[in-house]
Engineer: 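First, the structure itself, so that you have it in front of you.
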Amino acid sequence: QVELRESGGGSVQSGGSLRLSCAASAGTSSYSSMAWFRQAPGQEREGVACIDSDSRTYTGSVKGRFSISQDNAKNTLFLQMNNLKPEDTAMYYCAATSSEAGKGCWAWAVEATYNYWGQGTQVTVSS
């Protein structure tokens, strides 16, 4: 049973930074891709960023502010979030997939692409 566990969420003021971590029970290098999603109250879950062996992809609203990375030696996925805005407030989830659809982050923003999900970590940004 693969487990993903997020940490690093919290409350910050607008313009602040947070670094989210996602510890995987299985080797991160074994997945075709991994991603971060977020869900704000009353809204659908949306893709934030995706990483595979060759590429990184971001949703437009976070480009230039967020950075996704992974440390395969530590089986950990990261999301560095800088210049946070109140609209970034959400529950953040990490996800992983071993499917062909995950390669190249081709269908990265589609929830069904991912086999495994964490429980989420809350990020709150105040103005």
Side-chain angles (χ1 to χ4, degrees):
Q1 180 73 17
V2 174
E3 292 187 357
L4 302 175
R5 182 169 296 179
E6 302 94 337
S7 61
S11 297
V12 296
Q13 291 190 326
S14 182
S17 297
L18 284 173
R19 189 192 196 202
L20 305 184
S21 299
C22 173
S25 61
T28 50
S29 61
S30 65
Y31 303 124
S32 54
S33 64
M34 298 186 74
W36 287 97
F37 282 72
R38 66 185 179 186
Q39 187 169 23
Q43 298 187 21
E44 294 186 354
R45 191 153 54 180
E46 66 167 346
V48 176
C50 176
I51 186 169
D52 76 343
S53 58
D54 298 315
S55 63
R56 304 178 187 186
T57 305
Y58 300 91
T59 192
S61 63
V62 308
K63 283 182 180 177
R65 300 188 298 122
F66 290 13
S67 178
I68 189 171
S69 63
Q70 63 185 59
D71 184 335
N72 292 334
K74 296 182 179 180
N75 293 331
T76 304
L77 176 72
F78 300 102
L79 185 68
Q80 177 66 44
M81 305 186 295
N82 299 325
N83 191 20
L84 282 160
K85 304 177 180 181
E87 52 264 42
D88 295 317
T89 295
M91 184 73 78
Y92 283 71
Y93 300 89
C94 70
T97 181
S98 54
S99 73
E100 289 293 311
K103 289 184 177 180
C105 290
W106 179 72
W108 76 276
V110 178
E111 292 186 48
T113 296
Y114 301 93
N115 311 95
Y116 311 107
W117 291 86
Q119 295 299 307
T121 185
Q122 178 68 38
V123 172
T124 303
V125 185
S126 58
S127 58

Engineer: By the rule that ILVMFWY residues connect when side-chain heavy atoms come within less than 4.5 angstrom, directly or transitively, which residues belong alongside M91?
Structural biologist: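 Grouped by the 4.5 Å side-chain rule, F37, Y93, W108, Y114, W117 form the rest of the cluster around M91.
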Engineer: What is the distance from atom CG of N75 to atom OG of S30, rounded to the nearest 0.5 Å?
Structural biologist: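 It is 8.0 Å, given to the nearest 0.5 Å.
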Engineer: Looking at every heavy atom in both T124 and Q122, which two are closest together, and how far apart are they?
Structural biologist: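 Shortest heavy-atom contact: OG1-NE2, 3.5 Å.
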Engineer: Going by salt bridge (Lys or Arg N to Asp or Glu O under 4.0 Å), name the pairs with one or both residues in residues 114-127, residues two or more places apart or in two chains.
Structural biologist: none
Engineer: Picking from E6, R38, Q39, what satisfies side chain to side chain donor-acceptor pair (under 3.5 Å) with Y92?
Structural biologist: R38
Engineer: When rounded to the nearest 0.5 angstrom, what is the spacing between OG1 in T97 and CD in E111?
Structural biologist: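 Reported to 0.5 Å precision, the distance equals 13.0 Å.
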Engineer: Would you name the heavy atoms of C94 and L4 that are closest together and state the gap between them?
Structural biologist: SG-CB, 3.6 Å
Engineer: With rounding to the nearest 0.5 angstrom, report the SG to CD distance, C22 to Q119.
Structural biologist: 11.0 Å
Engineer: At their closest point, which heavy atom of C105 faces which heavy atom of I51, and how far apart are they?
Structural biologist: SG-N, 3.5 Å
Engineer: Once rounded to the nearest 0.5 Å, what's the spacing between atom OH of Y116 and atom OG of S25?
Structural biologist: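 OG of S25 is found 9.0 Å from OH of Y116.
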Engineer: Show the nearest heavy-atom pair for residues T89 and V125, with the distance to one decimal.
Structural biologist: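 Taking every non-hydrogen atom into account, OG1-N, 2.9 Å.
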Engineer: Taking all heavy atoms of V123 and all of L18, pick out the closest pair and write down the distance.
Structural biologist: CG1-CD1, 3.9 Å
Engineer: With distance as the sole criterion, is a donor-acceptor pair present between the side chains of S61 and T59 under 3.5 Å?
Structural biologist: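 No, T59 and S61 have no side-chain donor paired with an acceptor closer than 3.5 Å.
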Engineer: Looking only at heavy atoms, which two atoms of S127 and P86 are closest? And how far apart?
Structural biologist: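 Heavy atoms only, the tightest pair is CB-CG, 3.9 Å.
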